[in-house]
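Following: one structure in structure tokens, then a few remarks.
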Amino acid sequence: MKILLIFLTFYLISAAVRCFSVTGYSGGSVLVDSGKLWFSANVKYMAKLPEWRRIINDKKHDKWINEGRYTLFSNDNGELMIFIRELNTQDAGSYRIGVEGQWFIDMTLNVEEGSCCKVSRRVMVNIGETANFGCEYSYNYINDPKIIFKEEKDSIEMIYSIWNEEERFSISDDKHKNIFSVRITAVTPDDGGVYLFGVWINRHSFSYSIINTVHLHIITKVGVSRVSGSSGGSLMIKCEHPQYKTKPKYICKASDGCSERKNPGVQGEWMENGDVSLYDDTRAGVLMVFFRELKAADAGTYRCGVKVSDYTESFTELQLSVTHDEKYPKTVTESVYLGGEVNITCQIPEEHEVHFCKEDDNHICQTIISSKVREMSGSSERNEERVVTVSISNVSVRDAGVYWCGAETRDTYLTFISLNTKIQLNLIMPPVVGHEGESAEIICSYDSIYKSKPKSLCKGKCSTRDRNPLSETVREEKETKTGRLTLNDDITAGVFTGTITGLTARDAGKYWCAVTLETELNYLYTHLIIIMNEGEEGFCI
């Protein structure tokens with residue numbers, strides 16, 4: 001025991017520990033040069049005293065060690081730097097920082113309350129323009145040198161100081177208002193990043209108090225496009241970013257300050273985001289934005305952009321106007337027999353290309369690529385609009401649904417499609433004839449994509465709230481029965497059958513086959529004709 005005490009006494013005398021103190025503000029940060037070498041091959045540690053709570057526990061790295069708000073890194077001189085972010089009063093106290101087997105130091109951190117450092121700022125500047133940003137500092141720092149740092153991947157670099165001036169950087173210090181301002185001219189994408197406003201608070205330990213943080217984003221506007229759509233109609237916008245195919249894409253309303261950025265969230269799937277749907281096509285580098293029902297409030301200036309990196313973006317400015325035209329949107333209904341051919345006409349401006357598409361289950365209007373669809377020659381009226389006819393031949397149950405027709409316009413970086421004519425295409429089956437008192441079968445074909453969806457047979461439209469009693473829904477290939485109506489679903493054959501027993505004259509009329517999606521899709525109808533025993537034929541509705 002005596003030998004141990006003698007050893008400890010000798011150690012303390014011969015290896016005095018370096019001690020110093022630094023002061024920072026709540027909400028701000030401190031950056032401290034330890035004055036000691038990094039020693040890449042040795043592990044580093046950082047602990048809060050006196051309880052020896054380990055913050056960084058024996059970690060090794062060539063240049064940079066980070067644990068939450070605490071960072072140790074090597075500067076250009078190979079010395080260990082200490083960086084503590086987002087200070088709060090509980091951080092105050094003593095710390096021991098060291099390199100195992102080489103050295104350690106004790107640091108006392110003081111944290112004071114202040115209003116200077118509470119909120120970091122986000123600044124956006126167009127490439128090539130001048131960035132101006134600044135912050136207010138405490139009167140205690142009025143005579144301290146002001147310094148700008150920038151966070152890099154594995155370091156924090158001093159960008160500008162009275163000893164290290166850069167040609168495009170300048171600092172102004174208004175000591176009357178206690179405002180420290182920075183100006184960067186002719187900004188480039190490399191200028192984007194996190195900037196730290198610092199003051200040199202301890203000339204002996206090279207300690208800096210970081211009083212504010214600025215996130216500088218460099219944005220590149222590649223072009224301006226003007227887009228117009230009809231109130232109540234739909235609008236598809238395709239923003240092209242072929243050089244950034246897999247980068248995250250977005251659209252935001254610049255006239256509202258781009259406060260809400262809408263993005264698909266996932267790639268290769270349509271995603272609903274508020275009143276629009278978005279699709280990120282990473283194969284083509286295209287962001288598709290679909291406005292389902294345009295409103296006057298949708299008008300404004302948008303940015304359709306791509307996030308190139310954390311602090312650089314590229315976008316096309318989109319000026320959207322929403323017009324009110326009594327002619328549009330126009331809704332028409334077409335009916336055609338299964339296996340037949342239907343011609344659909346719509347009007348578009350003379351100078352635009354025609355766009356014809358079909359709504360999917362999510363009400364997104366997708367372009368049709370089918371040998372059954374062809375555009376026929378259009379005719380002009382007063383050289384302003386032309387009538388275009390689209391023909392669909394050999395009509396099947398897959399062809400039933402909602403179509404849109406509109407005008408397509410291509411710009412340098414955008415394609416936009418204004419859809420102003422809505423077409424509901426219904427399919428007709430040959431009438432079904434039954435005799436009074438007997439049974440009749442109504443057979444409804446459906447597409448295989450709907451095999452797991454509930455199906456309905458209804459007298460009258462299935463979507464009406466007050467359904468006719470002769471209505472029923474079948475689910476998951478089960479038989480359901482209500483009164484005299486029985487439904488059977490054969491998913492292998494892709495048909496469901498409604499059987500009505502004990503026919504009466506009141507059963508005659510129009511029957512709809514429907515599939516339940518978000519709403520009822522009435523896609524196929526027939527007429528049931530009842531032949532009365534007395535020889536009188538029932539009527540059709």
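Across L235 and L294, no two heavy atoms sit closer than the pair CB-CD1, 3.9 Å. S29 and F83 get closest at one heavy-atom pair: CB-CE1, 3.6 Å. Scanning all heavy atoms of the two residues, the minimum distance from A47 to W52 falls at CB-CE3, 3.9 Å. Of all heavy-atom pairs between T323 and S228, the closest is CG2-OG, 3.7 Å. Heavy atoms only, all atoms of each residue included: L87 and G24 are closest at CD1-CA, 3.9 Å.
For the residue pair Q319 / E317, a side-chain donor-acceptor distance below 3.5 Å is found, with atom types taken as modelled. In this model, no donor atom of one side chain and acceptor atom of the other lie less than 3.5 Å apart for D173 and Y141.
Each of K307, R303, R261, K247 was checked for a salt bridge (charged side-chain N to carboxylate O under 4.0 Å, His left out) with E313, and the lone residue meeting it is R261.
Looking at heavy atoms from C-beta onward, V199 lies in side-chain contact with S209 at the 4.5 angstrom threshold. The side-chain heavy atoms of T316 and V224, taken from C-beta on, include no pair separated by under 4.5 Å. Using a 4.5 Å heavy-atom cutoff, the side chains of L196 and M158 are not in contact.
Sorted by first and then second residue, the pairs that involve residues 70-85 and meet side-chain hydrogen bond (donor to acceptor under 3.5 Å, both in side chains), not counting sequence neighbours, are N66-T71, N66-R85, Y70-D91, T71-R85. For the disulfide bond (SG atoms under 2.5 Å apart) condition, the pairs that include at least one residue of residues 244-279, sequence neighbours left out, are C252-C258.
Without hydrogens or angle criteria, R121 side chain to G134 main chain gives a donor-acceptor distance under 3.5 Å. Within the 3.5 Å criterion, the main-chain N or O of A299 finds a donor-acceptor partner in the side chain of K253. Counting only distance, with no hydrogens or angles, the side chain of K146 and the backbone of D144 share a donor-acceptor pair below 3.5 Å. Side-chain N or O atoms of H241 include none that pairs as donor or acceptor with a backbone N or O of Y244 at under 3.5 Å. Checking side-chain atoms of D191 against main-chain N and O of T188 turns up a donor-acceptor pair under 3.5 Å. Put simply, the side chain of D174 never gets that close to the backbone of I179: no donor and acceptor are under 3.5 Å apart. Side chain of S26 to backbone of E112: no donor-acceptor contact under 3.5 angstrom is found. Side-chain atoms of S309 come within 3.5 Å of backbone N or O of T312 as a donor-acceptor pair. Within the 3.5 Å criterion, the main-chain N or O of Y413 finds no donor-acceptor partner in the side chain of D411.
A cation-pi contact, defined as under 6.0 Å to the ring centre and within 45° of the axis, links K455 to Y446. The side-chain tip of R183 does not point at the ring of F169 from less than 6.0 angstrom away and within 45° of straight on. Within the cation-pi definition used here (under 6.0 Å to the ring centroid, within 45° of the axis), K44 qualifies as a partner of W38.
More than 12 heavy-atom neighbours from other residues, nucleotides or ligands sit within 6.0 angstrom of CD on E51. The number of heavy-atom neighbours closer than 6.0 Å to CD of E157, taken from other residues, nucleotides and ligands shown, is above 12. Surrounding CZ of R69 are more than 12 heavy atoms belonging to other residues, nucleotides or ligands, all under 6.0 Å away.
Between K262 and E260 a salt bridge is recorded (basic side-chain N to carboxylate O distance below 4.0 Å). By the 4.0 Å N-to-carboxylate-O rule, R410 lies close enough to E240 to be salt-bridged with it.
When ring centroids are compared, F149 and F197 stay outside the 6.0 Å threshold. If you look at F356 and Y403, their ring centroids are closer than 6.0 Å.
Rounded to the nearest 0.5 angstrom, D298 CG and F291 CZ are separated by 5.5 Å. Here the straight-line distance linking atom CG of L414 with atom SG of C239 works out to 5.0 Å at 0.5 Å rounding.
Taking the six-membered ring where tryptophan is involved, the planes of F290 and W270 are perpendicular, since the angle between them exceeds 60° and thus also 30°.
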Point to revise | side chain to side chain contact (heavy atoms under 4.5 Å, CB included) between L80 and I97, intermediate numbers included | key: CA-CA 10 Å; L80 186 144; I97 303 100; 4.0 Å; yes
